[in-house]
Amino acid sequence: MTRIKPDFFSSRSSNRQFLIYKTDSEQQYEKTKGRPSDDVNRLTKIFPDILIGKNFVDHTMEGLNSSAEFGAMVVRIDELNQNGETPGNDREADFIIEVAKTINTICKSENGMWGKLGKNMFGCFFPGKNEILTLELAGTIQNSLAELRKETVSIGVAYHPITDFLRDQVLDNALKALDHAAFFGPGSTVSFDAVSLNISGDKMYQNGDIDGAIKEFKAALLLDSSNVNVHNSLGVCYGVSDEYERALEAFEEAIRIDPDETMALYNAGLVNMLVGNQDKALEYFLDADCKEADVFEVALQIGRLYLEMKDSEKGKAFIEKAIKIKPESGFGYRYLGECYTALKKTDEAISAYKVAI
């Protein structure tokens, strides 16, 4: 799986400003407000026994009680106007029917079960199929549709058993994989993994559900204990919860796995700064700055630390560097004013404070 490395994101949920990867991961199947709805009546005329929503899920899970192993997938119709065209009701409904027919054909040949989960989205379960076989079936669905239409579907795949997930969590895992697939654009297929959980945990973190995020990140580490992003994300959750010892353990583990991981170095420095270990904090910050020299937060914190340690000239140099990276930062000019004040350069201090204001 390709590692996703989005841009740096400064958490502004507190003034501690931990750094976490921002996985801007809104599930695309939730972005359909205002679009014409598919014709459910037309679908039920062609497939009179089709189950929809909770009825489909409950019926299928009951039917899977005797299956020790099974795969699941969620098939979502991508935006029909991705090429700038205006979709009509008939065109959209036609594609929905085409997708349903394709899924039905494959499920019949593979002893699968399928139904409608929600707007423009179908679910499939395949008893006796593992991850590889379920992924192959997902590819078959996409290839079959590609021979008929230019429109695409994205697919999230999950399977049971996997670590300590319960069998009734497999569909939720497939949905998380579908969310993960959004990073790769329309027509993508992703199998549920640690990155899927990292994305899910990040969404919870952004929404203020820190406990839920911690649970997701811990589950991700059961799948991939060497995932640096997940260790860093878990540390951020502990950090904003004031559990500094646990936070530092997570950041240090990330650094052990990848000594060049700038965000973990920065976050470890921030924890040390918060608990009063200025020398150790500075060591981490300077190491982060050596690894990646254009991170605003790193330069700013180094400048702040030098200022607190009464080395105003060095502090000024790093704060000026931070301002160069992010000229619109009021915080940067505020601390620059403090540096000039400490250096007894009153006019320069006043000018910096004015810009900050």
Side-chain angles (χ1 to χ4, degrees), residues 1-6 9 11 13 18-27 30 57 61 64 68-74 123 125 129-132 134-135 155-184 189-241 243 245-258 261 263-264 267:
M1 184 60 61
T2 302
R3 183 185 180 207
I4 299 172
K5 187 174 181 180
F9 170 72
S11 168
S13 60
F18 287 96
L19 291 180
I20 188 171
Y21 284 119
K22 183 178 182 181
T23 52
D24 203 4
S25 54
E26 184 180 4
Q27 290 181 343
E30 295 175 346
V57 176
M61 294 311 299
L64 289 168
E69 181 180 49
F70 59 89
M73 67 175 74
V74 178
F125 291 87
K129 304 296 185 186
N130 58 21
E131 178 187 16
I132 294 174
T134 308
L135 278 170
I155 303 178
V157 170
Y159 53 98
H160 176 83
I162 178 173
T163 62
D164 57 355
F165 283 99
L166 303 175
R167 61 175 48 236
D168 60 1
Q169 292 178 285
V170 69
L171 184 61
D172 189 42
N173 289 344
L175 286 166
K176 291 172 183 177
L178 181 62
D179 194 11
H180 183 176
F183 282 97
F184 302 100
T189 297
V190 167
S191 182
F192 173 75
D193 62 6
V195 178
S196 308
L197 284 167
N198 195 28
I199 291 169
S200 173
D202 176 72
K203 289 180 67 177
M204 292 179 180
Y205 173 83
Q206 302 300 335
N207 291 329
D209 183 5
I210 304 302
D211 290 338
I214 289 174
K215 184 177 179 181
E216 293 290 87
F217 296 140
K218 284 183 174 180
L221 290 175
L222 292 178
L223 295 177
D224 182 5
S225 61
S226 64
N227 191 303
V228 173
N229 289 356
V230 177
H231 283 290
N232 182 74
S233 298
L234 182 60
V236 169
C237 289
Y238 286 135
V240 299
S241 300
E243 297 185 62
E245 186 173 344
R246 285 184 170 184
L248 193 56
E249 288 175 0
F251 297 139
E252 288 177 343
E253 179 62 14
I255 295 166
R256 185 193 68 77
I257 296 169
D258 183 0
E261 183 54 55
M263 292 207 318
N267 287 333

Could you walk me through whether Leu221 and Leu234 satisfy the side chain to side chain contact (heavy atoms under 4.5 Å, CB included) test, starting with their C-alpha distance in whole Å, then the side-chain angles of each, then the deciding distance to 0.1 Å, before giving a yes or no? CA-CA 10 Å; Leu221 290 175; Leu234 182 60; 4.0 Å; yes
Is it the case that more than 12 heavy atoms not belonging to Leu222 sit under 6.0 Å from its CG atom?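 Yes.
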Judged by atom type as modelled, is there a donor-acceptor pair below 3.5 Å linking the side chain of Gln169 to the main-chain atoms of Leu166?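 Looks like yes, one N/O pair under 3.5 Å.
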Measure the acute angle between the ring planes of Phe183 and His180, then classify it against the limits of 30° and 60° as parallel, tilted or perpendicular.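 The rings of Phe183 and His180 stand perpendicular, inter-plane angle above 60°.
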May I ask you to test the [X]-[Y] pair for a side-chain heavy-atom distance under 4.5 Å?
X	Y	result
Asn198	Ser233	yes
Val240	Phe18	yes
Val195	Asn227	yes
Val57	Leu171	yes
Ile210	Tyr205	yes
Asp224	Val230	no
Phe192	Leu223	yes

Please walk me through it: do Tyr238 and Ile214 pass side chain to side chain contact (heavy atoms under 4.5 Å, CB included)? CA-CA 8 Å; Tyr238 286 135; Ile214 289 174; 4.0 Å; yes
Considering non-hydrogen atoms only, spot the tightest contact between [X] and [Y] and give its length.
X	Y	value
Asn130	Thr134	O-OG1, 2.7 Å
Asn173	Ala158	CB-CB, 3.8 Å
Ala213	Gly201	CB-O, 3.3 Å
Ala177	Ser191	CB-C, 4.1 Å
Tyr159	Ile162	O-CG2, 3.4 Å
Pro161	Ala68	CD-O, 3.5 Å

Once rounded to the nearest 0.5 Å, what's the spacing between atom CE of Met263 and atom NE2 of His231?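 Rounded to the nearest 0.5 Å, the CE-NE2 separation comes out at 13.5 Å.
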From CD1 (Ile257) to OG (Ser225), nearest 0.5 Å: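 Reported value, rounded in 0.5 Å steps: 7.0 Å.
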Please test Glu216 against Lys176 for side chain to side chain contact (heavy atoms under 4.5 Å, CB included), starting from the C-alpha separation and ending with a verdict. CA-CA 11 Å; Glu216 293 290 87; Lys176 291 172 183 177; 2.8 Å; yes
Evaluate side chain to side chain contact (heavy atoms under 4.5 Å, CB included) for Thr189 paired with Val157, printing each intermediate quantity in order. CA-CA 7 Å; Thr189 297; Val157 170; 4.2 Å; yes
Partner residues of Phe70 under the side-chain contact (heavy atoms from CB on, under 4.5 Å) criterion, sequence neighbours left out: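 Met61, Leu64, Ser67, Phe125, His160, Arg167, Val170.
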Report yes or no: do Asn267 and Asn232 form a side-chain donor-acceptor pair below 3.5 Å?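 On atom types as modelled, these side chains qualify, holding a pair under 3.5 Å.
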Does a donor on one side chain and an acceptor on the other come within less than 3.5 Å for Asp179 and Ser200?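 No, no side-chain donor-acceptor pair sits under 3.5 Å.
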Pairing of Glu249 and Arg246 as salt bridge, 4.0 angstrom limit: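 Salt bridge: no.
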